[in-house]
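In what follows, every chain begins at residue 1, and chains take the letters A, B, ... in the order their sequences are listed.
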Amino acid sequence: MNYWLLKTEPETFGIEHLKKSPKQTTPWEGVRNYQARNFIREMAEGDLAFFYHSSCKVPGIVAIVEVVKKAYPDATAFDPDSSYYDSKSTPEKPRWSRVDVKLVEPLKEIITLTELRERTKLKEMVLLKPGNRLSVMPVTKGQWSEICKMAGTEIQ
DNA sequence: GCCAACGTTGGC
DNA sequence: GCCAACGTTGGC
């Protein structure tokens, strides 16, 4: 059982979009970074992830989601009309992967980036490392519990 | 295989 | 809107 953090821009696809998605489930697609893709491929069904809003007024964690389908080819890469199109990825040799995630619990209140930075126990988080730009990253069990404590939730 | 140039990310 | 940090590209 592993824990993750998924970054997204709320204007593009935020918690409000996820809530309205069929079965509150969505493919996590459009990842075009090898390191992030490799993390996606490591995900197993049942893994949990924080849903993080970036590039917005108040960046932070807004929900907990669960991986409900493990990595499979990201077909948006095959579609010339998609903004995620990648001519080097083909159905025969898919370069990119996606997983499906399902909303487990929206947090009552956002846990802001500032609050995360204030926690000594979290200073090793990948998210908080200077210059970090990964959109998919691992979270340790210790970090997960600490953040759940902050959120007043106990999903582990 | 090096590395400069460029584009993107994302907090502030 | 700024800018630092980083990944990618492409010429050599």
Any donor-acceptor pair under 3.5 Å linking the side chain of Arg119(A) with the backbone of Gln143(A)? no
Between N or O atoms, less than 3.5 Å apart, protein on one side and nucleotides 1-5 of chain B on the other: list the pairs.
none

To the nearest 0.5 Å, tell me how far Tyr3(A) OH sits from Thr140(A) OG1. 10.0 Å
Can you tell me how far CD1 of Ile15(A) sits from CG of Leu107(A), rounded to the nearest 0.5 angstrom? 8.0 Å
On a heavy-atom basis, the closest approach of Cys148(A) and Ile64(A) is SG-CD1, 4.5 Å
Tell me, with the steps shown, if Tyr72(A) and Trp96(A) meet ring pair (Phe, Tyr, Trp, His ring centres under 6.0 Å). CA-CA 8 Å; Tyr72(A) 61 104; Trp96(A) 305 110; over 10 Å; no
Establish, from distance only, whether the side-chain atoms of Arg32(A) and Thr76(A) form a donor-acceptor pair under 3.5 Å. yes
Give me the one residue out of Phe39(A), Phe51(A), Trp4(A) that meets ring pair (Phe, Tyr, Trp, His ring centres under 6.0 Å) with Trp28(A). Phe51(A)
Kindly calculate the angle separating the two end axes of the helix from dG1(B)-dC12(C) to dC12(B)-dG1(C), each obtained from five base pairs, and round it to 10 degrees. 10°
Quick one: pull up NE2 in His53(A) and OG1 in Thr112(A) and give me the separation to the nearest 0.5 Å. 14.0 Å
When the distance from CG of Asn33(A) to P of dG7(B) is rounded to whole Å, what number comes out? 19 Å
Is there a donor-acceptor contact under 3.5 Å from the side chain of Gln24(A) to the main chain of Lys19(A)? yes
Atom NZ of Lys88(A) and atom C1' of dG7(C) are separated, to the nearest Å, by 13 Å
Whole Å only: how far is the OH atom of Tyr34(A) from the C1' atom of dT9(C)? 12 Å
How many Å lie between CG on Leu5(A) and C1' on dT9(B), as a whole number? 15 Å
Set out, line by line, the N/O atom pairs under 3.5 Å between protein and nucleotides 10-12 of chain B.
from: dG10(B); atom 1: OP1; to: Lys7(A); atom 2: NZ; distance (Å): 2.7
from: dG10(B); atom 1: OP1; to: Arg133(A); atom 2: O; distance (Å): 3.2
from: dG11(B); atom 1: OP1; to: Tyr52(A); atom 2: OH; distance (Å): 2.9
from: dG11(B); atom 1: OP2; to: Ser55(A); atom 2: N; distance (Å): 3.0

State whether the side chain of Ser21(A) and the backbone N or O of His17(A) hold a donor-acceptor pair below 3.5 Å, judged by distance alone. yes
